[in-house]
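Read through the structure below, which is laid out as structure tokens, and then see the notes.
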Amino acid sequence: MDNAAMPDPENVPVRIEVTDGASIPDPKDPRIITAWSISLFGAILTLVLLCFCIPDRYVPIVKKLPEGIWITFQVTVFSIIFTIPLGCMVGLGRLSRFRPLNLLVSTYVEVIRGIPLLVQLFYIYYGMSKLLNVPAKVAAVVSLTFCYGAYMGEVFRAGISAIPKGQTEAARSLGFNRVQTMWYIILPQAWRTILPPVGNECIALLKDTSLISILAVPDLLRVAREHASTSFHYFETYTVVAIFFLIITLILSKCVSIMELRLSHYDRR
Amino acid sequence: MTVAKPIISMRGVSKFFGQMAALNNVSLDVYPGEKVVIIGPSGSGKSTLLRSINRLESVDYGSIFVDGYDVRAENAKINAIREELGMVFQSFNLFPHMTVLRNLTLAPVKLRKTPKAEADAQAMKLLSKVDIRDKAHMYPAMLSGGQQQRVAIARALAMNPKIMLFDEPTSALDPETTGEVLDVMVTLAKEGMTMVVVTHEMGFAREVADRMVFMDQGEILEEGTPGHFFTSPQHPRLKKFMQQIL
Ligand SMILES: Nc1ncnc2c1ncn2[C@@H]1O[C@H](COP(=O)(O)OP(=O)(O)OP(=O)(O)O)[C@@H](O)[C@H]1O
Ligand SMILES: [Mg+2]
């Protein structure tokens, strides 16, 4: 009958390992010189120097590419907007005790994870444009959402199952039903835990939008390709594309990091 | 007290985890206003018994009635029954993403549709009662274990339950803070709350319990007043247990 004081499970911070996407800067790191700041300022500086030293080659590229950035941005934002709720539903479905739903969702995840995104893109794009005749941009958003919904679902699942069982028990014992418990107690806590990996998936998604240039979507990479094939400045063009992607990704990862900090207010001081 | 109808009535309750009976043909009545303290060695089924009362654990055999409601019924309004049963856990289980105040008001506001101002006022009253009013706007992680457990008690009380269930509420606390939680529980007992308490705090049992229950290996082996338990335990295993614990 030993009752050694148990450590309070609530105070053990849960972290989900980050695997791909971009590294999220540590929000509590006070240093000014970090890998993040070196990359960002290095990228900006390189771009400025290139435009300054070889303006006749680089300035037209920098002027041309923003129209592609706008498309990339739109596709990314819409995909993220649809992916997060889809991922939440997939995560919940994977945890559901209702077997048919669980099987359905698990199969979806299994299938999606087994097919390269590029193949999915082609498949959905040509499938959709054949059957429904939708614009390429829409097909791109649908494919990305479908694909990333599966990955995001795994993140949600991990985040939700990481919340201690005592939280559910406390809520249920107060009289909350399953749905209320999930909504008021579990998801808000899970959201905090999964924010870094969710941000990470979003950044990965942003980078994967470059694949849609294969379809007839005039995104950043596609615009760049067109410019390169007319100006023959391949190397210069792709240098700028790389720098643009890098800058956007770095800014996004900083945003995630700031959000993470703002959500951490209830941790121990 | 014995003329009243029991508010909790368990008959022939059994619960299996695989082959092992966590509860083995347990029957227990608790009367309104009564304080029942359950003791027993680790793994004897105390938590399982307590958790079966509000169906956090569903049992395999027997009947459980709470305030006239059949807890085991397929169509039991289990959430309504749970609102009548406050529960306090060993590990507090406060909601870490909410302030202390909101921990208390969430259930009344969402489940009882209590207006927020009213719920806040009632919560502040409860926080005064557990002597932690000044921490209302802090997050649970900023509080000590004893403070957290007092908040957890106040949170359970915020739903005005008829019965309070305590599962080793002080086992995760150090000796200094144990006292402050026990004080709150003694006050609650004096106010006439019906309480079922699993604890190893024999001082508390002696002071508060109307009846004590000894469990071992999923069975209730002995029931009696604290006087009986402390001076003349009958069952050999209870004798041994009391010797170890005192
Ligand atoms: N979810 C579970 N799955 C399998 N076995 C379980 C489960 N929960 C409890 N048990 C087993 O049931 C028995 C009774 O457990 P219970 O938690 O009720 O004991 P307890 O008297 O509360 O012990 P303690 O003093 O350690 O809290 C134990 O043998 C335990 O291992
Ligand atoms: Mg126990």
Side-chain angles (χ1 to χ4, degrees), chain A residues 1-15 28 88 97-98 156 159-196 198 259-269, chain B residues 39-44 51 54-57 77-99 102-103 106-108 110-112 138-143 145 148 152 155-156 158-159 161 165 167-168 170-175 199-200 241 244-245:
Chain A
M1 199 214 50
D2 50 338
N3 275 299
M6 300 221 316
D8 178 7
E10 251 74 305
N11 287 335
V12 183
V14 222
R15 257 200 112 86
K28 295 194 180 87
C88 184
R97 289 195 290 180
F98 181 55
F156 269 88
I160 292 167
S161 17
I163 304 301
K165 241 181 71 205
Q167 290 291 308
T168 306
E169 294 187 342
R172 298 305 302 274
S173 72
L174 284 167
F176 288 104
N177 64 30
R178 264 177 216 293
V179 176
Q180 292 166 326
T181 300
M182 194 46 85
W183 185 251
Y184 294 122
I185 308 301
I186 307 301
L187 282 180
Q189 292 181 59
W191 178 240
R192 150 138 182 57
T193 331
I194 66 180
L195 188 72
V198 162
M259 272 175 75
E260 196 188 338
L261 186 65
R262 291 194 48 185
L263 277 175
S264 68
H265 58 84
Y266 58 77
D267 287 344
R268 193 175 280 279
R269 288 152 297 175
Chain B
I39 60 170
S42 182
S44 56
R51 293 155 57 85
N54 67 357
R55 215 168 85 180
L56 279 185
E57 212 77 73
K77 291 212 169 66
I78 190 63
N79 298 317
I81 299 172
R82 282 173 176 156
E83 290 183 23
E84 305 295 327
L85 289 159
M87 184 146 190
V88 176
F89 302 86
Q90 179 175 348
S91 53
F92 327 138
N93 296 343
L94 292 179
F95 305 136
H97 59 303
M98 296 176 183
T99 61
R102 200 154 146 68
N103 262 276
L106 186 75
K110 301 296 177 193
L111 299 175
R112 294 255 166 87
M138 291 193 178
Y139 285 89
M142 299 169 181
L143 308 186
Q148 288 193 46
R155 177 177 70 179
M159 288 298 275
L165 310 173
D167 192 359
E168 303 200 28
T170 57
S171 294
L173 302 176
D174 47 42
T199 187
H200 298 290
F241 183 78
Q244 280 173 348
I245 205 162

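Side chains are part of it too, since the values below use all heavy atoms of this structure and drop only hydrogens, waters and symmetry mates. Every chain is numbered from 1 and lettered A, B, ... according to where its sequence line falls, protein lines coming before strand lines. Note that the coordinates shown come from a computational prediction; the quantities given were computed from them, not determined experimentally.
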What part of [X] lies closer than 4.5 angstrom to a heavy atom of chain A: side chain, backbone, both or neither?
{"X": "B/Leu85", "result": "backbone"}
{"X": "B/Leu106", "result": "both"}
{"X": "B/Ala107", "result": "both"}

Inset, instruction - Determine which residues belonging to residues 178-187 of chain A lie within contact range of chain B, meaning some heavy atom pair is under 4.5 Å apart, and list them by number or answer 'none'. - result: A/Gln180, A/Tyr184, A/Ile185

Inset, instruction - Mind listing the closest non-hydrogen atom pair of B/Ala156 and B/Val88 along with its distance? - result: CB-CG2, 4.5 Å

Legend entry - Partners meeting side-chain contact (heavy atoms from CB on, under 4.5 Å) with A/Glu169 (sequence neighbours left out): A/Lys165, B/Arg51, B/Leu56, B/Phe89

Legend entry - chain A interface, residue from B/Glu84, B/Lys110, B/Met87 that has the most non-hydrogen pairs under 4.5 Å: B/Lys110

Inset, instruction - May I have the step-by-step check of side chain to side chain contact (heavy atoms under 4.5 Å, CB included) for A/Phe176 and B/Leu111, ending in yes or no? - result: CA-CA 7 Å; A/Phe176 288 104; B/Leu111 299 175; 3.8 Å; yes

Legend entry - Within-4.5 Å side-chain heavy-atom neighbours: A/Pro196 and A/Glu260: yes

Legend entry - Geometric cation-pi criterion B/Arg155 and B/Phe95, 6.0 Å radius, 45° cone: yes

Inset, instruction - Calculate, to the nearest 0.5 Å, the distance between atoms OG and CD belonging to B/Ser91 and B/Gln148 respectively. - result: 10.0 Å

Legend entry - CA sep, side-chain torsions, deciding dist, call: B/Glu83, B/Arg112, salt bridge (Lys or Arg N to Asp or Glu O under 4.0 Å): CA-CA 10 Å; B/Glu83 290 183 23; B/Arg112 294 255 166 87; 3.1 Å; yes

